[in-house]
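Some notes on the structure that comes next.
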Amino acid sequence: MSALLELRGIRAAHERINVLHGVDLAVAAGQVVALLGPNGAGKTTVLRVAAGVHPAASGRLLVGGRDVTGADPRRLARAGVCLIPEGRGVFPNLTVRDNLLMMTFTGRSRAEIEEIAFTRFPILAKRASQQAGTLSGGEQQMLALARGLATDPAVLLLDELSMGLAPLVVGRLYEQVAEIARQGVAVLVVEQFAAAVLGIADHAAVLVRGRVQRQGHPDSGLRAELSALYMGSPL
Amino acid sequence: MDQFITFGIVGLSTAAIYAVIGSGLVLTYSTTGVFNFAHGAAGMLAAFCYWQFTVGWGWPVPVALVLVLLVLAPAFALLVERAVLRPVQALGEAERLVMTVAMLSGLIAAARWIWDPNVARPLPTFFADRKPFHLGPATVTWHQAITMAVAVAVAIGLRVLMYRTRTGAEMRATVDDRALVGLAGARPVRANQVAWILGTQLAAIGGILIAPTVTLDASQLSLLIVSAYTAAVFGRLRSLPMTFVGAIVVGCMESYLAGYLPQNAYLPGLRLAAPALLLFAALLAFPHRRLRGRDRRLRQIPVPTMAGTGLFALVVVAFGVVLATVLSAPDLITYGPIFSLGVVALSYVPLAGYAGQISLCQLSMAGIGAVVWAHLGAHGELWALLVAVVVSAVAGGLIALPALRLSGVYLALGTAAFAVVLDQWIFTLPTFKLFGVQIGLFDQGSVTAVGPDLFGLHLDSESQLMVFAAVCLALASIGVAALRRGRFGRRLIALRDSEAAYATLGGNLLLAKALVFALASGIAGLGGALYGMQLQSVSATQFNLVAGLPIFLVAVVGGLGAVGSGLFTGTAYVGPINALIAIAPWSQNAVALLPGLAGVGLGRNPDGVVPSMRSEWAPVARDRIALPVLVLGIAAAWVLRLADVIDGWVFCGVALVLALALRGWAAARQRAVLAAAVAAGSAGAEAAAPEEVPVEWLGIRRAWRPEDEEVLARGIAAG
């Protein structure tokens with residue numbers, strides 16, 4: 001199975017501090033990969049590089065087998081990379097409808113997009129003319145996730161979907177993510193709340209200090225290592 | 001009744017123009033986050049271009065319209081977006097504001113340069129040859145009808161664009177979250193460009209429509225915009241329908257004031273100042289909120305050392321003495337304001353630098369100081385100078401009270417409105433009595449000011465006044481530096497950093513703001529009084545809003561946080577312009593552009609020029625050889641100049657070359673000393689350094705020691 005998203009030897013820096021020291025990751029179509037690791041490991045930076053928001057110092061980025069290293073976020077978005085950034089990827093001063101209108105760049109009509117979003121998340125239909133900033137956290141995250149549905153991405157990148165949400169809502173959102181993956185989308189998830197994502201992940205990678213320290217099936221061995229990492233026992 | 005309706009029609013057609021211009025303002029602000037002070041100036045430029053094409057060169061009206069609205073306006077907008085605003089996009093609100101103020105100042109200067117302001121330029125109204133038609137009892141000219149139709153079309157067009165198209169959604173989304181717009185497959189830069197093009201086109205339409213009914217004058221047209229600002233503030237800079245309502249209120253008010261205001265000596269100014277008064281009221285009446293998703297980056301304010309400030313004060317006085325003795329009498333008048341305007345500029349340091357309150361009315365405060373001095377200090381009484389400072393300070397404290405509700409762009413607008421009210425109305429009032437006290441202002445012309453009487457010594461020659469102003473600037477600089485080092489200075493910076501945090505820590509916002517406004521206005525009043533002494537005769541126009549803008553700009557370029565900005569602004573504002581005119585008289589018009597261009601250069605050095613100059617000159621001041629050599633060298637050259645052995649230009653050249661050479665030499669010496677110290681230090685450190693244990697491993701990799709507690713605490717504190 002060929003990978004839809006591939007990072008090869010990605011290095012990146014925040015100003016003068018190197019954050020990623022050669023990250024290799026591959027996500028195949030239909031696969032959910034969980035990227036885990038302690039705070040400050042560089043998980044979010046991996047996603048931002050993959051979406052073109054953060055420049056890579058070196059290394060290559062491939063989407064659908066095509067080299068897209070150095071492309072800007074807009075081009076990557078049009079090439080099918082969809083990043084739902086940390087903390088509500090919605091435009092707070094725009095109404096729900098206008099937020100959905102912003103998803104028409106793939107050529108789908110406004111009506112089709114609304115149809116998809118409102119079918120999957122019926123609550124959004126009720127909130128259609130409300131400003132997105134006034135929605136509840138879970139509703140905002142649904143609206144953000146609707147972009148992952150309505151724009152037919154090849155690659156979906158999710159950053160901390162669970163942040164500030166009730167566990168029940170998190171569970172429901174991840175059901176939707178699994179559903180998106182089943183349609184053949186490559187999904188890369190960064191999550192602090194590891195238990196939530198390991199339930200749906202096919203593969204997990206542990207990022208420590210800018211390097212992928214271990215990856216494999218999310219079995220109990222990986223979980224034990226993770227808890228050791230989070231709890232800070234000496235290596 | 002007929003008269004009422006006629007004035008109503010006039011008011012509505014004016015309102016239509018304000019609505020068009022105001023909606024352009026709202027459009028650019030709500031989609032780019034930049035409040036464009038130069039919006040009116042863009043319309044003014046369009047009106048002048050249109051005049052040039054149709055009247056000047058006699059081209060047909062449709063050709064001129066297409067050229068101005070569809071070619072020049074978009075090209076200008078793209079240029080501005082690319083060259084002026086993109087560099088400061090990542091900087092704070094104040095810097096973005098300064099850029100547009102610089103543009104306003106620069107465009108007015110450019111227009112006056114290209115189109116001689118002393119030539120009258122009548123512009124015919126649209127369809128002037130057609131007979132007005134009657135609508136019931138009212139008579140409507142075709143120009144008025146077209147104006148109103150255009151406004152309605154603009155309203156509908158903007159509504160559709162903003163809320164029915166993806167482009168509109170992109171524009172609104174860009175101001176919410178630029179990064180997310182890219183993720184949503186759109187280009188934030190393009191959304192900004194569209195907003196600027198549309199905004200400039202709207203300003204151009206407004207400018208062309210309003211120019212035939214008023215005189216074609218650069219600053220008057222640019223400031224007609226105050227009315228459009230008022231309309232936009234009615235819409236809280238966000239809502240287009242409310243902007244139209246605001247425009248109708250302002251337009252009709254102006255028209256009815258013109259029609260029904262009783263004629264006497266006190267009120268004609270009120271009519272001119274009415275939009276500004278209404279703007280002030282609207283700013284206070286409507287609650288404002290910041291656009292969400294805005295980042296603020298606050299700059300460090302350097303803490304000056306007392307020794308350094310003392311040295312700086314000595315330099316200021318020495319500079320004043322040297323200038324006063326070296327310059328010829330006409331040059332003394334030309335360069336005299338270096339120190340007095342320097343004092344005015346210094347007033348920005350505590351106000352805008354420390355407390356973060358942007359005020360555009362400091363020169364108006366200086367005007368108050370000058371008037372008080374002129375009237376009370378008619379025989380040079382020194383106590384009158386104190387009164388001038390106190391009266392200006394009280395006036396400043398009074399603005400602070402209403403301005404307490406405002407911050408950022410809104411405060412800048414409010415103070416600009418205040419400056420307009422002062423120079424259009426208050427300063428033009430004849431002498432009047434208030435509570436039995438005779439209050440004289442500029443006596444509807446100019447008033448004379450004399451030099452002060454310093455304990456029996458009457459200062460009235462230009463050179464004496466220059467030294468006196470230099471001493472005042474030196475003392476004021478020391479005072480402002482002491483303020484920064486003291487408790488009140490720290491409080492002001494806390495206030496700037498976060499008003500909410502300041503209040504929750506028990507600080508009194510009202511008191512702090514009123515005090516800092518009073519202090520800054522007092523300093524400005526002192527500067528105004530000094531300025532008045534040097535000019536000998538002062539009039540209201542010397543203290544109006546437009547005259548004050550370049551001083552603000554140069555002060556920002558100098559760096560609002562630095563005490564040296566006072567001297568820098570005075571020198572940079574007065575010096576090069578006049579020197580350039582002396583060398584090349586033909587450049588007189590071009591040099592008026594300089595402050596505007598300097599402001600535009602701010603994007604490169606947002607901290608200001610003074611801090612970087614300070615770090616460049618610090619080695620000379622610390623060097624035990626360079627400093628005496630410099631002082632003796634300049635003193636020697638000065639003696640030669642006084643003995644008429646060399647002329648002024650040679651003196652300037654010698655002083656400059658000597659100073660620059662010593663600066664380079666001292667910097668090189670300091671680098672050598674530093675390198676030696678670093679080498680010695682690292683050698684010593686290697687010998688003594690024990691095994692490095694990261695703080696988090698203390699007690700794990702090696703045994704815990706009592707002194708580790710402090711190391712750990714420091715490690716945590718350092719983050």
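Chain letters run A, B, ... following the sequence lines, proteins first and then strands; every chain starts at 1.
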Are more than 12 heavy atoms from other residues, nucleotides or ligands located less than 6.0 Å from atom [atom1] of [X]?
| X | atom1 | value |
| --- | --- | --- |
| A:Arg120 | CZ | yes |
| A:Gln130 | CD | yes |
| A:Ile17 | CD1 | no |
| B:Arg190 | CZ | no |

I need the A:Leu101 CG to B:Arg164 CZ distance, nearest 0.5 Å.
11.0 Å
Separation between CZ (A:Phe105) and CZ (B:Arg187), nearest 0.5 Å, reads 13.5 Å
Residue of the set A:Leu76, A:Ile84, A:Val53, A:Val81 for which side chain to side chain contact (heavy atoms under 4.5 Å, CB included) holds with B:Leu183
A:Val53
So which part of A:Met102 gets closer than 4.5 Å to some heavy atom of chain B, the side chain, the backbone, both or neither?
both
Atom group of A:Arg110 that falls short of 4.5 Å from chain B, counting heavy atoms:
side chain
Top of A:Gly52, A:Pro85, A:Pro73 for chain B proximity - count of heavy-atom pairs under 4.5 angstrom
A:Pro73
For a quick test of reading the model, state the closest non-hydrogen atom pair linking B:Asp177 to A:Phe91 and the distance between them.
O-CE2, 3.6 Å
I need the residue from B:Pro188, B:Ala179, B:Gly182, B:Gly168 with the largest number of non-hydrogen atom pairs under 4.5 Å to chain A.
B:Gly182
For the pair A:Asp98 (side chain) and B:Ala169 (backbone), establish whether a donor and an acceptor sit closer than 3.5 Å, ignoring hydrogens and angles.
no
